Structure formats: structure tokens, C-alpha cells
Amino acid sequence: MLAAVLRDFNRLELEERPIPEPGPGEVLVRVRACGFCATDYKAIRGIRRNVAFPLVPGHEPAGVVAAVGPHVRGFRDGDEVIIQPSGYCGLCRNCRVGLTHYCDHAYTTGGDGPDDVRPGSFAEYTVTGANTLYRKPAGLSFDAACQAEPVSGAWKGLIQMSQLSVGDDVVVIGTGGIGAYCLMVAKAAGAGRLVAVDVSDYALETARRLGATHTVNPSQGDAKAAVYDILPDGPDLVVEAAGPVQAVKLMVSLLRRGTRWNLFGITTHEPFELDGGLMHFLEARMDASFGTTPLAMEKAIRLMERGLVNPEQIITHRFPLTDIHQAVEAMASGQKNKVIINP
């Protein structure tokens, strides 16, 4: 099979590899579509350094079951499936209370977080545990279906962790791929005023198309003043979906008493300061969200199947695996939303 293998930072190579064989409890999937996440891009470019080489990136896949290992029930050759990249044992204490993304034996296929990083889905085939598979609804394209993982992250962050309620005024900082899904989830959940913040006019135009009621470009003036002109009483919820620490600092500046704020986009280890006394009196509640869970995946698939979140609205680029280097360049462009690889 053909696979994109990261041998070192900025050294992504197309290689022929043997098709892997599924072991007990595992399934081999022929990858039909895989989203290109900023996490993958950061690994390729060396922006994040917690990478063990060689790595096959790609952790947003959907495809067709090609073979099943011993003791697998419920799936067979030809089934169209979505893969959750966060593998888990199902037996440890964390798994048994529903926190599978905290699993003591966690692994990821092509992603970030656990120490156990297995080959991902910038490849023609991938192997994963059968308990990470979900049936793809017939009405969803593979390109849309592979976005269940980032949509699940948006649902988990906004709804489960930060408890977004109908009518809440929401600010989303960073409206690239994951920020766009946060906007769509917030809109579907009944957000009141929905303010998109980004330094890219291209991203803000997309945000308006997805339902943002207002947009703010921090490069064109005082972002805090602009947000408070729109929301004189301040936001109920602020979501940082951008990544740079400057976005986190802007989020902190927007807090008023009782604001909920979610550290979603920043995944690199960068410090920022908080005024302890101010945080005490504001009672601003900080949440964060990483990874996904079976509950979040099921919710995301339902949102997409019901048409409440439509990934097709933000897919701007599609590349065959043979053009993976063009895809990397597209990820660096300001004129893109979601990039899809079709092995």
C-alpha cells in the first residue's frame, strides 16, 4: 500500500508499505477519506515537537472494512465505517466511568496525546480496534463522514464541557476548520449572538456563511472593544479555537463575571498569566477539551446525519494521497478551510 511517512520534521515521504494485518479485536479499513488536521500539519512542520519518527499522520478517517481479525463481532468486509482515532481498552477505571480519552492504555492512530501513537490514515489502509468503529450513515459522503472526529470535539467542548445553552452569547476565536465546526455546533444548539473572531477576512467570510451574527478582525482594531460593542454585557461563553497563545490572551481579556471559557485550540506548551484575585471574583469557569469519546462521536454522527452540521460547507480542497505535498502547501495557505485526503 501507499503511505505518507513522516521521517523527520519537514520530511514527509510517500512510501510503499505492506498492507497491515488485523490482530485479535482489530479491523483493517480501506481508507476512502481522511481530514487534514492542524495537529497533523504542526507535526509535519515541526511546530509541535512531541513526535516519534517514523509517523504516518492522519487521524480523521472514514472508509470500508477490508478484513477483520479474530474475535471481532458486528463488522464484516464491505461495511462503510467512521474511525475514532482515540483507542481505549474499555476495562480501566477511566473507561468504565465514560472517560475513554483518559484510558490508562490509550493509543491514537496518527494523532496526538497518548504515548502509544500507531500508524494513521494518510495511507491506503489502516488498522484499529473494532471498538473505535462507527457505521457510516448511507446519506453521508466519505468526505463528510471523516469529519465526525473534529465535529465530536466541537460538541464535546461546547455542549458537554462548557454547557452551552439556548440563547447564550458565544464568541469563537479562530474560525478555521475546528472553529467552523464550533460555530456550526453553537448555531445548532441555539446560540443567541454568535461572534466570530479571526485575523483572516477569508475565514470571517466563511464564518458569516455558517451563521455567525457578527465578525471581528483583531488586526483591524481593538478586538475587545469590538466584541463589547456587540455584547455590552459580555459573552456567556468564549471558545479559543485558534492555537496561538495570543488567542488565549484575547480570550482572557474578554471575560466578565460568570463567563465560561474553553481552551480548545492551543495544544503547544506555551504559558500565559492569570490574575488570581480577578479570576476569583469573576468566577469565570475555565474548561478545556481534547480528544473524543464514544458519546461525542455518536452525537457528532447524529448532528451530521440530521443535517445540523454539514462538513461539505467548509471542505475547500481535496487531494489524492499522491499529491500529499500539495496538500501540505494548501494547509499553509490563508485561502482554505478544510483539506481532505482521498487515498
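Quantities reported herein were computed from a predicted structural model and do not represent experimental measurements.
No donor-acceptor pair under 3.5 Å is formed between the side chain of Thr175 and the backbone N or O of Ala180. For Glu205 (side chain) and Arg208 (main-chain N/O), no donor-acceptor pair under 3.5 Å exists by modelled atom type. Remark: side-chain polar atoms of Asp169 are not paired, donor with acceptor, to backbone N or O of Pro235 under 3.5 angstrom. Judged by distance alone, with hydrogens and angles left aside, the side-chain atoms of Glu240 form a donor-acceptor pair with the main-chain N or O of Gly265 at under 3.5 Å. With Thr293 contributing its side chain and Ala296 its backbone, the two residues share a donor-acceptor pair below 3.5 Å. Between the side chain of Gln84 and the backbone N or O of Ser86, at least one donor-acceptor pair lies under 3.5 Å. A donor-acceptor pair under 3.5 Å links the side-chain atoms of Asn131 to the main chain of Tyr88, judged by distance alone. In this structure a side-chain-to-backbone donor-acceptor pair under 3.5 Å is missing from Ser162 to Leu164. Judged purely by atom type and a 3.5 angstrom limit, Asp168 has no side-chain atom pairing as donor or acceptor with the backbone of Val170. Looking at Asp8, its side chain never comes within 3.5 Å of a backbone N or O of Arg11 through a donor-acceptor pair.
Taking SG of Cys89 as the start and OH of Tyr107 as the end, the distance is 10.5 Å to the nearest 0.5 Å. If you take CD on Glu149 and SG on Cys37, they are separated by 7.0 Å, rounding to the nearest 0.5 Å. Between the OH atom of Tyr202 and the NZ atom of Lys336 there is a distance of 9.0 Å, given to the nearest 0.5 Å. Within the model, atoms CD1 of Ile159 and OG of Ser289 stand 11.5 Å from one another, a figure rounded to the nearest 0.5 Å. Remark: Met279 CE to Leu255 CG distance equals 5.0 Å, nearest 0.5 Å. Interatomic distance, CD1 of Ile340 versus SG of Cys34, reported as 8.0 Å (0.5 Å rounding).
Side chains of Phe53 and Arg7 form no contact here, defined as non-hydrogen atoms less than 4.5 Å apart. Proximity of Asn94 to Arg96: side-chain heavy atoms (C-beta onward) are nowhere separated by under 4.5 Å. At a threshold of 4.5 Å between non-hydrogen side-chain atoms, the residues Leu194 and Leu183 count as touching. No side-chain heavy atom of Met251 sits less than 4.5 Å from a side-chain heavy atom of Asn262. Under the 4.5 Å side-chain criterion, counting only non-hydrogen atoms from C-beta, Ile314 is in contact with Thr206. For the pair Pro320 and Asn342, the minimum side-chain heavy-atom distance is 4.5 Å or more. Between Val5 and Leu12, the closest side-chain pair of non-hydrogen atoms is not below 4.5 Å. The shortest distance between side-chain heavy atoms of Glu124 and Val31 does not fall below 4.5 Å.
Sorted by first and then second residue, the ring-ring contact (aromatic ring centres under 6.0 Å, His included) pairs with a member in residues 242-301 read His101-Phe290; sequence neighbours excluded. Listed by first and then second residue, the ring-ring contact (aromatic ring centres under 6.0 Å, His included) pairs involving residues 108-134 are Phe36-Phe122 (not counting sequence neighbours).
Of the candidates Lys136, Arg30, Arg32, Glu80 forms a salt bridge (charged side-chain N to carboxylate O under 4.0 Å, His left out) with just one, namely Lys136.
Listed here is the closest heavy atom pair of Pro218 and Leu250: CG-CD2, 4.4 Å. In this structure, Met1 and Ala123 approach most closely via the heavy-atom pair CE-CB, 4.2 Å. Here the shortest heavy-atom pairing between Asp40 and Pro57 reads OD1-CB, 3.9 Å. Across all their heavy atoms, Leu204 and Val216 have their closest contact at CD1-O, 3.7 Å. Closest heavy-atom contact between Leu321 and Pro343: CB-CA, 3.8 Å. Closest approach of Gly179 and Ala241 over heavy atoms only: CA-CB, 3.8 Å.
Note: the hydrophobic cluster containing Val238 also contains Val195 (ILVMFWY, side chain heavy atoms under 4.5 Å, direct or indirect links). By the rule that hydrophobic residues join a cluster once side-chain heavy atoms approach within less than 4.5 Å of another member, Val117 and Val29 end up as members of separate clusters. Cluster annotation: Met286 is connected to Val171 through the hydrophobic network of ILVMFWY side chains, with a link wherever side-chain heavy atoms come within less than 4.5 Å. Ile266 and Val239 fall into different hydrophobic clusters, where Ile, Leu, Val, Met, Phe, Trp and Tyr side chains are chained together by heavy-atom contacts under 4.5 Å. Linking ILVMFWY side-chain heavy atoms closer than 4.5 Å, directly or via other members, places Val172 and Val199 in two distinct hydrophobic clusters.
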Check your understanding: Between Arg318 and Asp143, does a salt bridge (Lys or Arg N to Asp or Glu O under 4.0 Å) hold up when you go through it step by step?
Key -> CA-CA 9 Å; Arg318 294 173 171 87; Asp143 287 359; 2.5 Å; yes

Practice item. Would you check, one step at a time, whether the test side-chain contact (heavy atoms from CB on, under 4.5 Å) holds for Asp116 with Thr108? Key: CA-CA 6 Å; Asp116 185 357; Thr108 178; over 6 Å; no

Practice item. Take Glu273 and Lys249 through the salt bridge (Lys or Arg N to Asp or Glu O under 4.0 Å) test and state the conclusion after the steps. Key: CA-CA 8 Å; Glu273 293 183 354; Lys249 292 176 180 178; over 6 Å; no

Point to revise | Pair Asp236-Arg256, side-chain contact (heavy atoms from CB on, under 4.5 Å): steps then yes or no | key: CA-CA 8 Å; Asp236 297 302; Arg256 49 90 164 143; 2.7 Å; yes

Practice item. For the pair Arg260 and Met161, evaluate side-chain contact (heavy atoms from CB on, under 4.5 Å) and give the outcome as yes or no after the intermediate values. Key: CA-CA 10 Å; Arg260 284 156 282 141; Met161 303 300 293; over 6 Å; no

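Defined by atom type and a distance below 3.5 Å, a donor-acceptor pair is missing between the side-chain atoms of Gln335 and Ser333. Side-chain contact of Ser219 with Asn217: a donor-acceptor pair under 3.5 Å is present, judged by distance alone. Between Thr39 and Arg48, the side chains place no donor N or O within less than 3.5 Å of an acceptor N or O (distance only, hydrogens not considered). Between the side chains of Thr316 and Asn337, no donor N or O sits under 3.5 Å from an acceptor N or O.
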Return a table of donor-acceptor pairs under 3.5 angstrom between the side chains of residues 224-234 and protein atoms on other chains or two or more places apart.
{"residue": "Lys224", "atom": "NZ", "partner": "Ser253", "partner atom": "O", "Å": "3.4"}
{"residue": "Tyr228", "atom": "OH", "partner": "Leu254", "partner atom": "O", "Å": "2.8"}

Under 3.5 Å, which donor-acceptor pairs do the side chains of residues 298-310 form with other protein atoms, sequence neighbours left out?
{"residue": "Asn310", "atom": "OD1", "partner": "Glu312", "partner atom": "N", "Å": "3.0"}

Using atom types as modelled, flag every donor-acceptor pair under 3.5 Å from a side chain in residues 60-72 to any protein atom, sequence neighbours excluded.
{"residue": "Glu60", "atom": "OE1", "partner": "Gln147", "partner atom": "NE2", "Å": "3.0"}
{"residue": "Glu60", "atom": "OE1", "partner": "Lys338", "partner atom": "NZ", "Å": "3.0"}
{"residue": "Glu60", "atom": "OE2", "partner": "Lys338", "partner atom": "NZ", "Å": "3.4"}

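The number of heavy atoms from other shown groups lying within 6.0 Å of CG (Asp115) does not exceed 12. Within 6.0 Å of atom CD in Glu283, 12 or fewer heavy atoms from other residues, nucleotides or ligands are found, so the atom counts as exposed in its surroundings.
By the side-chain contact (heavy atoms from CB on, under 4.5 Å) test, Gln160 pairs with Trp155, Lys156, Leu295, sequence neighbours left out.
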